[in-house]
Amino acid sequence: MRQRSGKRNHSKRVRAITPMVSAVAVLSLAFTAAPAPKAQAAWDSFYDYHGSTSLSDIEPGTVLATRTLAYHLAGFSMPITAVQLLFRTTDALYRPAAGVTSILLPPGGGDTTKAVAYQSFYDSLSPEHSPSRSIAGDTSLGSMVLTSETTEIAQIIARGYAVIIADTEGQQADFAAGPEYGMTTLDSIRAATHSAETDLNPDTRIGLIGYSGGAIATNWAAALAPEYAPEVNANIVGATEGGVLVDPGHNLRYISGSVGWSGVAVMAIIGIARSYEIDFTPYLSDYGIQLRDTLAHQSIASVLYMYPGLTWQQLVKPEYADPNSVAPFVATVDKINLGSAPTPTIPMYIAQGANGTLEGTDGGNPTVGPGDGVMLAGDVRSLARQYCETGNPAVEYHQYDTLSHVPTLAMWTMGAAAWLDARFAGIPAGSSCGAIAPGNSLAPDL
């Protein structure tokens, strides 16, 4: 959690400054409040669809239920209104599903002609850790990941934008299922702009923003929007993202055996299995089964740096030491490879670190090259080049060769909201096309 320091009279300052600065102060000083918060119950009926009409007969993005509550930060109630919507969306297997999104309204009101869809990096295998649960008051370790994103969210609210924060992984917590992330994000925007309680409307212009796990949702939403939600795509002014997952098969090679990120590979395997209904048991070693069961409902917050040196070969039986020999895994990874997805038609700002050794990941694997510790710079460069070459000249790519994943987040955060400001203002986006170095092949294989 990043906070502002200094002694100040909080209530007096909130009264004295503008609503925009007030929003930052309110969010940044959250931990000075008392008493200790209480965790929200594990589930409540709001998350269940109770209608008599089958979800398959309801249009994606339709609002199914609404509730309004105070935005909670680390369990503490803030003077910011959150409207939560249950809405119809689509899961990884393209079946109708009910999703949840939260719309944070700026104190004193904001400009309803503009809103920002912020995609969280809450990365979890438990629906209890979703942003909506954190916003409603849950204080479990997984829910606290959203609290760590306070700086990013505060910047947006401070600018007077409503902030749309979807539970991008759906109600099963389908971790790493990129297409589902994207469709859920787009349907959350549909719902938010068709709800009377949000004051947004179908003509509200939208900016997309997300880092790491949030970049999965951001990029897939941008890629799928022209076909899945063309009316939403027409109103998106641009997408800014950093720490981008492109080809998960490459990432598996990269983080295998790493100090900090190797356990996330197990999370991805669990998420892929859950999302696409695959049973990997026949391929897993006894240890792999044990880890799968142990991590089945864990957050990235409780997995990072907990399994140093873990490799793919430890997770599977000896005959499956080559990931290419696990056919259902290969087939599914191809489905979530952004290199095989459509090219976005909106301006894109992409930031990527390339010094993963700072976070304990060796960048010497000649088949994938260096990355930021978990995401691969060569993959992201190739994706950006692919977008340029397939009809989108408004692609800015920034690579930080001396930074790893977490420091790149800080660097990207400093300019991401300002980049969206410029897009809302109608200023043409810059372009790196023609100046991006070649990267890895994004062909659909491991």
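For this chain, numbers begin at 1 and follow the sequence in order. Reckoned from all heavy atoms, side chains included, excluding hydrogens, waters and symmetry mates.
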I'd like to know if the side chain of D401 pairs up with that of Q399 as donor and acceptor (distance under 3.5 Å, no hydrogens or angles considered).
yes
Once rounded to the nearest 0.5 Å, what's the spacing between atom OH of Y276 and atom CD of E180?
7.5 Å
Shortest non-hydrogen separation from L69 to Q84 and the atoms involved
CD2-OE1, 3.8 Å
So does A176 get a backbone contact from the side chain of Y181, meaning a donor-acceptor N/O pair under 3.5 Å?
yes
Looking at Y47, I'd like to know if the NZ or CZ of R133 sits under 6.0 Å from its six-membered ring centre while staying within 45 degrees of the ring's axis.
yes
Parallel, tilted or perpendicular: which describes the rings of F121 and Y211, with under 30° parallel and over 60° perpendicular?
perpendicular
Between S382 (side chain only) and N440 (backbone N and O only), is there a donor and an acceptor less than 3.5 Å apart?
yes
So, H129 side chain and S124 main chain: donor-acceptor pair closer than 3.5 Å or not?
no
Starting from the C-alpha separation in whole Å, work towards a yes-or-no answer on side chain to side chain contact (heavy atoms under 4.5 Å, CB included) for T402 and Y400.
CA-CA 6 Å; T402 62; Y400 301 99; 5.5 Å; no
Cation-aromatic face contact R190/Y228, 6.0 Å, 45 degrees
yes
Y122 (side chain) donor-acceptor with S143 (main chain) under 3.5 angstrom:
no
Can you find a side-chain donor-acceptor pair between S195 and E197 that sits under 3.5 Å?
yes
Under 3.5 Å, is there a donor-acceptor pair between the D167 and S132 side chains?
yes
With heavy-atom distances below 4.5 Å as the criterion, would you say the side chains of L104 and I135 are in contact?
yes
Any donor-acceptor N/O pair, R385 side chain to A435 backbone, under 3.5 Å:
no
Using 0.5 Å steps for rounding, measure from the CD1 atom of I165 to the OG atom of S130.
11.5 Å
I want to know whether Y161 and F424 have ring centres closer than 6.0 Å.
yes
Taking atom NE2 as the centre, does H398 end up with more than 12 heavy-atom neighbours from other residues, nucleotides or ligands that are less than 6.0 angstrom away?
yes
Would you say the side-chain atoms of Q119 pair up with the backbone N or O of I209, donor to acceptor, closer than 3.5 Å?
yes
Can you measure from CD1 (I164) to OH (Y118) and round to the nearest 0.5 angstrom?
14.5 Å
Determine whether a donor-acceptor pair (N or O, by modelled atom type, separation under 3.5 Å) exists between the side chain of N392 and the backbone of I346.
yes
Give a yes or no answer on whether the side chain of D247 reaches the backbone of L338 with a donor-acceptor pair at less than 3.5 Å.
no
Restricting to ring pair (Phe, Tyr, Trp, His ring centres under 6.0 Å), what partner residues turn up for W220, sequence neighbours left out?
none
Just how far is it from atom CE of M183 to atom OG1 of T90, taken to the nearest 0.5 Å?
5.5 Å
Keeping E396 on the side-chain end and S431 on the backbone end, is there a donor-acceptor pair under 3.5 Å?
no
Do any N or O atoms from the side chain of S262 and from the backbone of Y307 form a donor-acceptor pair under 3.5 angstrom?
yes
With side chains defined as the heavy atoms from C-beta onward, is the minimum distance between I269 and V266 less than 4.5 Å?
no
CE-OG1 distance between M348 and T343, expressed to the nearest 0.5 angstrom:
10.0 Å
Please test L208 against N219 for side chain to side chain contact (heavy atoms under 4.5 Å, CB included), starting from the C-alpha separation and ending with a verdict.
CA-CA 9 Å; L208 300 177; N219 207 315; over 6 Å; no
Give the C-alpha distance, both sets of side-chain angles, the deciding distance and a yes or no for salt bridge (charged side-chain N to carboxylate O under 4.0 Å, His left out) between R205 and D111.
CA-CA 10 Å; R205 292 184 297 157; D111 183 353; over 6 Å; no
Side-chain donor-acceptor pair under 3.5 Å between Q172 and R274, yes or no?
no
Let me see the working for L403 and T408 under side chain to side chain contact (heavy atoms under 4.5 Å, CB included), right down to the final yes or no.
CA-CA 6 Å; L403 300 181; T408 299; 3.4 Å; yes
Would you check, one step at a time, whether the test side chain to side chain contact (heavy atoms under 4.5 Å, CB included) holds for I436 with C388?
CA-CA 10 Å; I436 305 170; C388 293; 4.3 Å; yes
So H405 and W261, would you call those rings parallel, tilted or perpendicular, with 30° and 60° as cut-offs?
perpendicular
